[in-house]
Structure formats: C-alpha cells, structure tokens
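Here the structure comes first, spelled out in structure tokens, and everything after it is commentary.
Lettering of chains follows the sequences in order, A, B, ..., and the numbering in each one begins at 1. Since we're looking at a predicted model, the values are computed, not measured.
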There are 2 protein chains.
Amino acid sequence: MTSQRRVIVQVLAESDDHPAAEDVYRRASRIEGRISLATVYRTMRLLEEAGILEKHDFGDGRARYEEIQRAHHDHLIDVDTGEVIEFVNEEIEDLQETVARELGYRLTGHRHELYGTRINKPEQD
Amino acid sequence: MTSQRRVIVQVLAESDDHPAAEDVYRRASRIEGRISLATVYRTMRLLEEAGILEKHDFGDGRARYEEIQRAHHDHLIDVDTGEVIEFVNEEIEDLQETVARELGYRLTGHRHELYGTRINKPEQD
DNA sequence: TTATATGCAAAGCTTTTGCGCTGGC
DNA sequence: GCCAGCGCAAAAGCTTTGCATATAA
C-alpha cells in the first residue's frame with residue numbers, strides 16, 4: 001500500500017461525480033504532489049478488476065469511473081450540460097433479465113444510459 | 001458521388017453485422033482497391049450525421065456501425081464470442097421514456113446493451 | 001533485502017486532419 | 001476548369017507499457 005494508492009482511493013471516496021482518469025489525477029495531485037497519470041491509470045485498472053470501481057463510457061471518448069458502493073443504478077446524461085443523473089428502475093432491471101433469459105443468455109452485465117434535454121428550462125430568456 | 005462512397009454504401013448495405021471502420025475498409029478494399037481508411041472514416045461520419053448510420057460502442061475500443069433501416073432495437077453481446085444479438089422490448093422503451101420524463105427530461109437517445117453468456121452451451125461435453 | 005510500485009517517456013490504437021493531387025461534373 | 005473528395009502521412013487524444021529507480025514490508 002503506497003501513498004499514491006492511498007490518495008487515489010481517498011479521492012474516489014470523496015468524489016460523488018463520475019471522474020475521468022485525468023480528473024482523478026488532478027484531484028490526487030493536489031493532495032499528493034508525487035503522483036503520475038500512469039499510476040492513476042494502473043491503479044484504476046486494479047480497482048476495477050477488484051470490483052471496487054465501475055467503468056463507464058458516456059460517449060465523450062474517455063472512461064469515467066465511480067465506486068461501487070451504493071445500490072446499482074443507471075445514468076441519464078444531460079446532452080446540453082453533460083450533467084449525469086443517476087436513476088434506478090427495478091422494472092427495467094427485471095425486464096433485462098427476462099430478455100436475456102428468453103434469448104438463452106445469463107446476464108453478466110449491462111450498459112444503460114439515457115440521453116436527454118431538460119424540459120422547461122428556467123433560464124429560457 | 002465518388003466510387004469510394006458508392007462502395008462504402010454498398011458494403012454497409014450488404015453487411016448484416018456491426019462492422020468497425022477497419023472492417024468496412026477491408027471489405028471495401030476487396031471491391032475497390034483505390035480507397036483509404038481516412039475516406040472510410042470521413043464517409044462514416046457523413047453517413048452518421050445524415051442519420052443513415054448508427055454508431056455503437058460495444059466496449060472493445062472501436063466504434064461499431066449499422067444502418068438505420070429496420071425498426072429500433074437494442075443489443076445483447078455474447079461476452080464469450082463477441083456475437084451481437086439484436087432485440088426489441090417495447091416495455092423497456094416505454095419505461096425509458098417514463099423515467100426520463102419523471103426526472104424532467106425529454107429523451108433524445110439512449111444506449112442499452114446487455115452482456116451475457118449462453119445458457120446450456122452445447123460444447124460443454 | 002527483495003519484490004512490488006512508481007515516474008517518465010515512448011509507444012499503441014483508434015480517429016481526425018493538413019495538404020497537395022485527382023477526378024466528377 | 002473547379003472544387004469536392006481523395007490518399008498519404010502526420011497528429012491528436014486516451015491509455016498502456018518498458019525500463020530504471022524508489023519504496024513498502
């Protein structure tokens with residue numbers, strides 16, 4: 001357990017958004033100057049393989065991470081602002097299982113993101 | 001309308017899988033030797049912006065394409081073989097709309113892929 | 001001490017782009 | 001003849017990796 005790994009874990013614990021590797025690197029650098037982007041990538045991979053992190057792709061070309069701690073959820077991405085909203089819908093979760101089973105598959109994972117724009121924006125004028 | 005674009009469109013029309021740019025390039029090269037990967041990328045982007053192609057990400061680091069011709073569908077990816085199975089589930093589609101609306105959003109798109117392994121593999125022996 | 005982790009820089013991969021040339025119309 | 005489109009090669013952006021050094025245990 002090196003100081004770098006400690007700091008990365010700390011940063012992730014304190015983050016309630018979905019940072020990219022670069023973001024984690026920037027936040028970690030403020031706490032521990034002696035850290036490199038390569039180490040961040042290496043550690044993120046370890047944490048993901050250990051089942052501690054979840055890796056997402058929100059369509060902007062970089063991987064985005066979050067800790068697996070709370071209950072499972074999916075994401076809705078505001079296409080105007082990039083904001084990420086989490087949601088859970090048990091019905092959808094169940095239907096995914098059903099669909100997979102009917103096709104002869106056991107579900108090992110899924111990727112489910114909604115993209116949308118806010119209705120009734122307040123800052124309209 | 002150049003010969004290159006004609007060939008790319010032809011390749012896409014003849015493909016019923018979800019080729020990456022490199023695949024399209026390879027298939028097109030067999031028909032028309034004088035074609036470059038850059039042209040494939042440029043044309044794919046045009047076709048996507050024109051609403052003729054749909055761009056997917058199945059988690060292998062490259063973009064995968066398919067023509068928008070049939071009804072909308074989602075994908076189930078066989079994590080063992082990479083095979084891609086298409087499916088439609090209206091209930092899920094409706095629930096996505098509902099979820100977005102409840103969060104104050106109008107849905108502009110979604111990304112929904114299931115990952116799984118076959119049940120009852122024949123080659124289990 | 002000794003294996004493991006790190007930093008740095010180079011390289012890998014997919015995708016994009018600058019530029020001079022080609023070829024449809 | 002013009003100009004959109006092409007090929008080529010370089011570059012861009014994210015991520016991985018080789019290697020010598022540093023550090024935890």
Within residues 54-61 of chain A, residues whose heavy atoms come under 4.0 Å of DNA chain D
G61(A)
Length of the line joining M1(B):CE and dC25(C):C1', which is rounded to integer Å
14 Å
Compare side-chain N and O positions of T2(B) against OP1 and OP2 of dC6(D) and report whether any pair is under 4.0 Å apart.
yes
Pairing of R45(A) and E49(A) as salt bridge, 4.0 angstrom limit
yes
Between E93(B) and H110(B), is there a side-chain heavy-atom distance shorter than 4.5 Å?
yes
Assert yes or no for the condition that the ring centre distance of H112(A) to H75(A) is strictly below 6.0 Å.
no
List in numerical order all residues of residues 31-38 of chain A for which some heavy atom is under 4.0 Å away from an atom belonging to DNA chain D.
A38(A)
Atom-to-atom span, CZ of R5(A) to C1' of dT23(D) - whole angstrom:
12 Å
Among I92(B), V99(B), T98(B), which residue meets the side chain to side chain contact (heavy atoms under 4.5 Å, CB included) test with Q96(B)?
I92(B)
Residues from residues 39-49 of chain A sitting under 4.0 Å of DNA chain D, heavy atoms only?
Y41(A), R42(A), R45(A)
Just the rounded figure in Å: distance from C1' of dT15(D) to OH of Y25(A).
15 Å
Has T43(A) got a side-chain atom pairing as donor or acceptor with R5(A)'s backbone, closer than 3.5 angstrom?
no
Short N-O contact, D23(B) and R64(B), less than 4.0 angstrom:
no
Specify the separation, in whole Å, of atom CZ of R26(B) and atom P of dT14(C).
11 Å
Hey, what's the ring geometry for H56(A) with F58(A), parallel, tilted or perpendicular (30° and 60° as the breaks)?
parallel
Rounding to an integer number of Å, can you tell me how far Q4(A) CD sits from dA5(C) P?
11 Å
Look at the side chain of T81(A) and the backbone N and O of E83(A), then say whether any donor-acceptor pair between them is shorter than 3.5 Å.
yes
What is the separation between atom CZ on R64(A) and atom C1' on dT15(D), rounded to the nearest whole Å?
16 Å
Assign A20(B) to base, sugar-phosphate, or nothing according to its heavy-atom contacts below 4.0 angstrom with the strands shown.
nothing
Sole candidate of I35(B), I8(B), L37(B) that passes side chain to side chain contact (heavy atoms under 4.5 Å, CB included) when paired with V24(B)
I8(B)
Before giving the answer on side-chain hydrogen bond (donor to acceptor under 3.5 Å, both in side chains), spell out for H73(B) and E66(B) the whole-Å C-alpha distance, their side-chain angles and the decisive distance to 0.1 Å.
CA-CA 11 Å; H73(B) 55 259; E66(B) 77 179 307; 3.1 Å; yes
Transitive ILVMFWY side-chain link V9(B) to L46(B), under 4.5 Å
no
